Amino acid sequence: MKSRFAPSPTGYLHIGGARTALFAWAYAKQQQGHFVLRIEDTDRARSTQTSVDAILDGMNWLGLDYDEGPFYQTERFARYGEVIQQLLATDKAYYCACSKERLDTLRADLMAKGEKAMYDGCCRDKNLSSGVVRFKNPIAGVVTFADAVKGKISIANQEIDDLIIARTDGTPTYNLTVVVDDHDMAITHVIRGDDHINNTPRQINLYTALNWTLPEFAHLPMILGSDGARLSKRHGAVSVMAYRDAGFLPEALLNYLVRLGWSHGDQEIFSLEEIVSLFDLKDINKAPASFNEEKLLWLNQEYIKNATPEYLIQQLDWHLNHQKITTEQGADLASVVALLQQRSKTLVEMVAGLKMFYQDFDTFDKKLADKQFKDTKPLAVLLEKLSVLDTWQADEIKGCIKQVCNDLEIGFGKVGQPFRLALSGNGNAGNIDAVAELIGKPTTLKRLEKAIQY
RNA sequence: GUCCCGUUCGUCUAGCUGGCCCAGGACUUUAGGAUUUCAUCCUAACGACAGGAGUUCAAAUCUCCUACGGGACACCA
């Protein structure tokens with residue numbers, strides 16, 4: 001068994017492509033087969049190296065490893081040429097010299113007449129020797145195939161025109177290259193987006209003309225945006241790497257993506273191992289799904305909550321560098337992360353919460369400070385008690401706060417809140433005693449003084 | 001326009017070898033509870049079988065029609 005992911009390098013790896021890759025990858029792993037990465041770059045005008053790199057980066061970040069490839073179609077032109085010649089020689093293809101203008105008007109006329117815009121086979125029997133090469137699609141009959149997710153699909157050959165397999169400059173086009181590659185690479189399962197359903201019958205005809213055995217086809221429904229239209233740039237972030245930048249964990253994205261169209265009963269959370277062991281094409285939904293960032297956020301939070309601090313630190317590395325925050329000095333990063341992981345939906349949020357342990361802030365949040373620092377008495381008393389504290393530990397610090405409460409006969413919140421603001425600058429912090437412990441005595445006292453002077 | 005595919009709570013979905021479904025889970029929202037804010041956690045509530053016809057003792061599940069949505073119709077992939 002062998003599956004593949006075959007993106008064209010005309011942009012970054014987007015969410016829809018990533019899900020297709022994930023499904024093809026998961027099925028290969030599940031079947032203990034191979035997963036192939038193939039770059040379909042035959043459109044030299046639109047393909048770029050930057051896009052190739054972006055796709056590779058995306059795959060790598062997601063952890064979707066491939067057993068073979070990446071293969072590049074541009075390196076296989078000789079082979080395509082061979083197949084085109086073979087088709088020509090066996091009268092399965094012909095040269096067509098129709099001008100673009102003729103084709104355009106033909107299309108417009110047909111549409112106006114209420115018919116499907118198709119090539120009329122004008123040059124089919126002219127026996128020309130130059131121009132584009134078209135495949136001689138059968139005129140009659142019906143092409144039927146059993147799609148692994150959609151079920152039986154039939155299209156009449158009358159609905160299919162003679163597709164171009166080689167351009168004027170001799171370069172091959174998509175429908176020819178996929179067939180040749182999938183055959184040559186011994187792909188047994190073609191798993192791709194259902195925008196390719198209409199191409200499938202023509203490809204099947206090509207397989208037949210070449211006398212090659214057909215692979216299984218599995219067409220995945222598209223991912224739609226919140227407005228029901230196909231997911232695109234105008235729906236916001238669609239690049240996989242944009243999700244890394246926004247602080248998502250790769251396994252959270254993968255988990256979200258796998259549940260978009262695939263299910264295993266009521267289970268929502270799947271480890272990578274579970275995805276691999278449980279994945280099956282028959283559990284894929286036929287209908288398109290729309291992307292919902294709120295649920296992704298929830299999943300991400302779940303993964304952050306359950307991850308080990310060590311793993312989180314590893315994932316945090318990029319964000320820390322990106323925001324130029326150094327954590328060598330000051331609090332123990334693992335402890336800080338452990339404190340923060342219960343309260344961060346994203347890594348970006350975590351970094352925001354982690355700043356106060358490694359950087360001083362210039363000002364307090366004005367609104368909060370005006371309120372919390374109106375009466376500085378509690379903080380002043382707290383400062384006194386903390387400054388004489390010998391063992392700088394959460395329990396001891398908590399004890400001090402309680403003492404202040406007793407001495408002044410006020411509630412915990414009256415001391416805890418201002419204290420929290422004093423240390424964080426913005427009021428966002430977890431267990432205040434633990435926070436103070438990690439920040440350390442000198443810094444805690446310094447910030448307390450600053451708050452009292454506010 | 002023509003062809004192909006699809007249609008269960010706002011969203012992701014279970015169920016689709018008909019009865020266990022006056023439809024289950026999750027996200028979101030709302031209301032409570034726990035908590036030193038927030039977050040987390042617990043409890044509860046709201047909320048859907050697109051519409052119609054048919055088959056059947058019985059339909060979300062099978063058939064047909066309609067509506068709506070998506071996709072394809074490139075010398076793009």
Side-chain angles (χ1 to χ4, degrees), chain A residues 6-10 40-43 45-47 73 96 98 100 103-104 107 110-119 131-134 147 149-151 153-156 158-161 163-175 177-178 192-201 219 221-222 224 226 228-230 256 259-269 283 285-299 301 305 340-345 349 353 368 372 398 401-402 405 411-417 419-421 426-433:
Chain A
S8 61
T10 53
E40 310 219 319
D41 52 356
T42 54
D43 184 350
R46 297 198 308 152
S47 301
Q73 293 194 318
C96 165
C98 290
K100 218 165 219 146
L103 261 19
D104 286 345
R107 199 164 17 241
L110 286 168
M111 292 264 250
K113 274 198 294 183
E115 285 170 44
K116 192 169 179 174
M118 298 198 303
Y119 177 60
V132 300
V133 178
R134 285 184 186 272
D147 189 272
V149 349
K150 302 271 185 178
I153 295 176
S154 318
I155 298 180
Q158 285 174 346
E159 299 294 335
I160 310 172
D161 63 1
L163 76 172
I164 292 175
I165 54 177
R167 304 182 178 94
T168 312
D169 64 5
T171 58
T173 60
Y174 169 73
N175 281 294
T177 59
V178 246
R192 65 204 342 179
D194 73 3
D195 47 339
H196 287 289
I197 283 188
N198 293 276
N199 289 323
T200 308
H219 288 98
M222 304 268 86
L224 274 25
S226 45
R230 183 184 185 157
Y256 178 72
R259 280 289 286 109
L260 220 51
W262 175 80
S263 61
H264 184 258
D266 287 335
Q267 190 171 340
E268 294 288 349
I269 299 194
D283 295 319
N285 230 152
K286 294 180 203 290
S290 41
F291 193 84
N292 179 246
E293 198 160 307
E294 283 173 335
K295 191 159 182 180
L296 206 209
L297 222 36
W298 167 77
L299 262 172
Q301 183 166 212
K305 271 195 309 199
L340 255 27
Q341 70 183 122
Q342 294 304 316
R343 55 206 318 108
S344 309
K345 283 191 171 68
E349 255 181 55
L368 288 172
Q372 302 287 3
K398 190 171 192 168
I401 300 174
K402 287 206 167 135
C405 294
F412 198 104
K414 292 276 183 208
V415 189
Q417 284 314 345
F419 190 20
R420 179 171 281 118
L421 181 61
N426 57 26
N428 291 324
N431 283 337
I432 191 61
D433 42 11

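Order of the sequence lines sets the chain letters (A, B, ...), proteins ahead of strands, with each chain counted from 1. Because the structure is predicted, anything quoted here is derived from the model rather than measured.
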If you look at every strand shown and take non-hydrogen atoms under 4.0 Å, does [X] touch a base, only sugar-phosphate, or nothing?
| X | value |
| --- | --- |
| Glu115(A) | base |
| His196(A) | base |
| Ile432(A) | base |
| Lys398(A) | base |
| Glu159(A) | sugar-phosphate |
| Thr10(A) | nothing |
| Thr171(A) | nothing |
| Asp169(A) | nothing |
| Gly416(A) | nothing |
| Ser263(A) | sugar-phosphate |
| Gln301(A) | sugar-phosphate |
| Gly131(A) | nothing |

To the side chain of [X], which of [options] is closest?
| X | options | answer |
| --- | --- | --- |
| Arg107(A) | A74(B), U13(B), G25(B) | A74(B) |
| Lys116(A) | C73(B), U7(B), A74(B) | C73(B) |
| Asp266(A) | G25(B), C38(B), C5(B) | G25(B) |
| Ala117(A) | C73(B), U40(B), C4(B) | C73(B) |
| Asn292(A) | U11(B), U13(B), C41(B) | U11(B) |
| Glu268(A) | A77(B), C4(B), C12(B) | C12(B) |

Would one find more than 12 heavy atoms of other residues, nucleotides or ligands at under 6.0 Å from atom CD of Gln158(A)?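 Result for CD/Gln158(A): open.
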[N] [atom2] sits how many Å from [X] [atom1], rounded?
| X | N | atom1 | atom2 | result |
| --- | --- | --- | --- | --- |
| Lys345(A) | C27(B) | NZ | P | 12 Å |
| Ile155(A) | A72(B) | CD1 | P | 13 Å |
| Leu296(A) | U11(B) | CG | C1' | 13 Å |
| Asn285(A) | U13(B) | CG | C1' | 7 Å |

Taking donor-acceptor contacts at under 3.5 Å, does the side chain of Asn199(A) reach the base of A77(B)?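 A donor-acceptor contact between them is present.
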So does Arg343(A) reach the base of U37(B) with its side chain, donor to acceptor, closer than 3.5 Å?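 Indeed there is one.
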Let me know, please, whether Ser290(A) or Asp43(A) comes out on the 5' side of the other along RNA chain B by nearest nucleotide.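 Going by which nucleotide is closer to the 5' end, it is Ser290(A).
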